[in-house]
Amino acid sequence: QVQLVESGGGLVQVGGSLRLSCDASVRTYAMGWFRQAPGKERAFVAALRWSGGNAFYADSVKGRFTISRDNAKNTMYLQMTNLKPEDTAVYFCSARTKTVYYPALFDFSDVHEYDYWGQGTQVTVSS
């Protein structure tokens with residue numbers, strides 16, 4: 001059974017920084033961060049292919065957030081800087097463990113591509 005455990009959320013002022021972590025119990029094809037604000041759908045934030053290559057970001061976080069991984073620890077990170085009130089949400093770690101038959105068609109930003117999710121961690125940015 002795959003387990004994803006997030007940590008690192010909290011309350012921060014506008015312009016501040018936070019780093020989220022996601023510990024995965026297994027190696028996956030891809031991992032991502034999504035967020036969900038009250039009354040809104042879960043939205044893509046950032047993702048990466050575990051074996052390497054480019055990372056992918058939502059336009060709203062480009063230049064402010066950085067996704068990374070530690071292969072030895074099976075841990076993914078999201079470094080968030082210059083936080084804004086609109087970044088307030090529950091942040092979810094996600095993983096794709098099922099076989100990807102057509103890697104060129106894999107959509108890292110699509111929630112339906114991922115088959116495991118963490119419990120979420122709250123990020124609140126106060127103005």
Side-chain angles (χ1 to χ4, degrees):
Q1 184 74 11
V2 177
Q3 288 188 321
L4 303 175
V5 180
E6 301 116 329
S7 60
L11 174 64
V12 64
Q13 292 186 331
V14 170
S17 300
L18 281 175
R19 189 177 80 157
L20 306 183
S21 299
C22 176
D23 294 323
S25 58
V26 297
R27 190 66 59 88
T28 68
Y29 173 80
M31 293 187 72
W33 290 99
F34 290 76
R35 65 187 181 187
Q36 189 165 17
K40 295 188 176 182
E41 294 187 351
R42 195 166 296 189
F44 172 70
V45 176
L48 52 73
R49 185 182 294 108
W50 197 259
S51 61
N54 293 336
F56 304 89
Y57 296 94
D59 288 342
S60 59
V61 306
K62 281 181 182 176
R64 300 188 298 122
F65 291 11
T66 303
I67 189 172
S68 63
R69 73 198 190 285
D70 184 325
N71 287 346
K73 297 180 179 179
N74 265 10
T75 300
M76 176 179 66
Y77 303 99
L78 184 68
Q79 179 67 48
M80 305 184 292
T81 63
N82 191 19
L83 284 161
K84 304 176 180 180
E86 51 264 42
D87 295 319
T88 295
V90 177
Y91 283 69
F92 295 90
C93 170
S94 60
R96 171 63 179 251
T97 64
K98 294 179 182 177
T99 300
V100 176
Y101 293 100
Y102 303 101
L105 300 180
F106 187 85
D107 185 350
F108 287 84
S109 66
D110 186 350
V111 294
H112 301 101
E113 293 280 23
Y114 299 88
D115 47 356
Y116 283 95
W117 294 85
Q119 79 285 357
T121 185
Q122 177 70 47
V123 172
T124 303
V125 184
S126 65
S127 56

So which pairs with a foot in residues 99-118 pass salt bridge (Lys or Arg N to Asp or Glu O under 4.0 Å), sequence neighbours left out? R96-E113
Could you give all pairs that pass the ring-ring contact (aromatic ring centres under 6.0 Å, His included) test and reach residues 4-45, with sequence neighbours left out? Y29-F106, F34-F44, F34-Y114, F34-W117
Excluding sequence neighbours, so at least two apart, what forms side-chain hydrogen bond (donor to acceptor under 3.5 Å, both in side chains) with Q119? E6
Among residues two or more places apart or on two chains, list those pairs meeting disulfide (SG to SG under 2.5 Å) that have a residue in residues 13-52. C22-C93
Partners passing side-chain hydrogen bond (donor to acceptor under 3.5 Å, both in side chains) against N82 (at least two apart in sequence or in another chain): none
Determine which pairs satisfy disulfide (SG to SG under 2.5 Å) with at least one residue from residues 36-80, sequence neighbours left out, and list them in order. none
Would you mind listing every salt bridge (Lys or Arg N to Asp or Glu O under 4.0 Å) that reaches into residues 24-34, with sequence neighbours excluded? none
Who passes side chain to side chain contact (heavy atoms under 4.5 Å, CB included) against S127, sequence neighbours left out? V14, P85
What residues, two or more places apart in sequence or in another chain, satisfy salt bridge (charged side-chain N to carboxylate O under 4.0 Å, His left out) together with K40? none
Residue pairs passing the ring-ring contact (aromatic ring centres under 6.0 Å, His included) test where at least one lies in residues 45-84, sequence neighbours excluded: F56-F108
Residues forming a side-chain hydrogen bond (donor to acceptor under 3.5 Å, both in side chains) with R19, sequence neighbours excluded: none
Here the salt bridge (Lys or Arg N to Asp or Glu O under 4.0 Å) pairs for residues 80-91, sequence neighbours left out, are R35-D87, R64-D87
Is any side-chain heavy atom of T66 less than 4.5 Å from a side-chain heavy atom of L78? no
